[in-house]
Protein chains: 2
Amino acid sequence: MSRTRYHHGALAEALVDVAVGQVRAQGSERVTLRGVAQAVGVSPSAAYNHFADKDALLAAVALRGQAELDRRIGAALAAGGDDDAAAIGRLRAIARAYIGFAHDDPNLFRHAFGPHLKGAAGGHGASEAYAMLNAVLDDLDGRGLLRDGARPGLDLVVWSTVHGFAGIALDGLCAWEAADELLNGMERAMLTAAGLGLALR
Amino acid sequence: MSRTRYHHGALAEALVDVAVGQVRAQGSERVTLRGVAQAVGVSPSAAYNHFADKDALLAAVALRGQAELDRRIGAALAAGGDDDAAAIGRLRAIARAYIGFAHDDPNLFRHAFGPHLKGAAGGHGASEAYAMLNAVLDDLDGRGLLRDGARPGLDLVVWSTVHGFAGIALDGLCAWEAADELLNGMERAMLTAAGLGLALR
DNA sequence: AGCCCGATGTGAACGATGTCAAGATACGGG
DNA sequence: CCCGTATCTTGACATCGTTCACATCGGGCT
């Protein structure tokens, strides 16, 4: 088995790599199957040995986008201490990573949550990011930092809020700088007075 | 001035009408300039007398989508009494109308918040829906139903939450039925104990 | 009123795109 | 060593966005 099988070997992977780059740079609507193939150095129809459609290729790009979100959130949680303040900080870190992805990589973020997900992704339990958010919230609850009865359903509320803000800022409907205001408002709503004191310290 | 000026008169409006219908039915990505022109009964190039681009036409469709959102939220607020329970009900009604738009008209909703907004819309103050949300929240605050210090920034939090849930459900990442859970979670987070009692009654 | 000019629409054409069918080519197992 | 199969190329087709030259309507000026 030589390093490159036939002309390319892992053409599928190469196509997705380049497609991710072009989606990042130009937005998914301006990405062309022919353009991706040419950038890889291969004939346009070669792609049809690995993907049924242009849509199938774009679906793979969407999954890469989801993976990038998981990666960013995982990285944001890497550091941090063990006290209450650090627990609150982890929630902020998740939100900042999520919003930061949308801010730094708008085209890929938009595509990662576009109509191309339907074909491949599982339920919302499939996302690592969602599992990490639940762990952080459980931690806050265990520390008694959440208001009474606030925990059930809070994962969905927080996820929706952060995801929604990212989309709204992405559409230019509000300024990215409003993220601080959003996080403060979120924490004011979900934390006890003690937790709030820590968060605003 | 005859009823129809030249062959059509208000061709621009007719094109947008048909384009809105096709976006609704097929999703904005599958809408074709030629198809819209043919449905109106006009040559493809005729559209270029009224729109610079296909993108310009789609931008007009996006504005129609925003208007439809305003209309739905306005209609949801039409009825309702004057007591505290009705005030809380109006917040729920806004959220349900917003999510209902995404549920009933997924393609138009998605397009209304797509990249085509950048060209035409103003800041987030431009949306009537946003103004109505602020009025409802001010009313709740005036009635003392909001937790201490919760009002500043709450508009952005609520808007983000509802918008985010709509997007997440639209992507199939969670069930539409979770909307109830979301609304309960939101109210648990923002309302005082008294308000909560009313909301859950 | 009658002509003229601008607004509006038509038709044909060009380049680019997604997709497919048929043939060529290289890799890996017998 | 040879052959089947997976892989890639070539060429073609229909469709799409867009443009250009031209036709046609209709209101305003004298």
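Note on naming: letters A, B, ... go to the chains in the order of the sequence lines (proteins, then strands), and numbering restarts at 1 for each one.
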When the distance from CG of A:Asn49 to P of C:dA24 is rounded to whole Å, what number comes out? 17 Å
Check side chain to side chain contact (heavy atoms under 4.5 Å, CB included) between A:Ala56 and all other residues, then give those that pass, not counting sequence neighbours. A:Phe51, A:Asp53
Grab the CG-P distance between B:Leu11 and D:dC25 for me, whole Å please. 16 Å
Check the distance between D:dT9's C1' and A:His50's NE2 and give it to me in whole angstrom. 13 Å
Taking atom P of D:dG17 as reference, at what distance in whole Å does atom CD of B:Glu29 sit? 13 Å
With B:Arg72, which residues qualify under side chain to side chain contact (heavy atoms under 4.5 Å, CB included), at least two apart? B:Glu68, B:Phe101, B:Asp104
Just jot down the salt bridge (Lys or Arg N to Asp or Glu O under 4.0 Å) partners of A:Asp148, sequence neighbours excluded, or say none. none
Is B:Asp171 salt-bridged to B:Arg110, going by a charged N under 4.0 Å from an acidic O? yes
Rounded to whole Å, the CD-P distance (B:Gln38 to C:dT10) equals 12 Å
Apply side chain to side chain contact (heavy atoms under 4.5 Å, CB included) to A:Glu13 and list each qualifying residue two or more places apart in sequence or on a separate chain. A:Ala10, A:Asp17, A:Arg64
What is the distance, to the nearest angstrom, from the CZ atom on A:Arg30 to the P atom on D:dG17? 14 Å
Nearest-angstrom distance from the residue atom CG of B:Leu57 to P of D:dT18: 10 Å
Can you give one letter per nucleotide of nucleotides 13-19 of chain C, 5' to 3': B if a protein heavy atom sits under 4.0 Å from the base, S if only from the sugar-phosphate, - if neither? B---BBB
Could you pull out all residues at least two apart from B:Gln38 that satisfy side chain to side chain contact (heavy atoms under 4.5 Å, CB included)? none
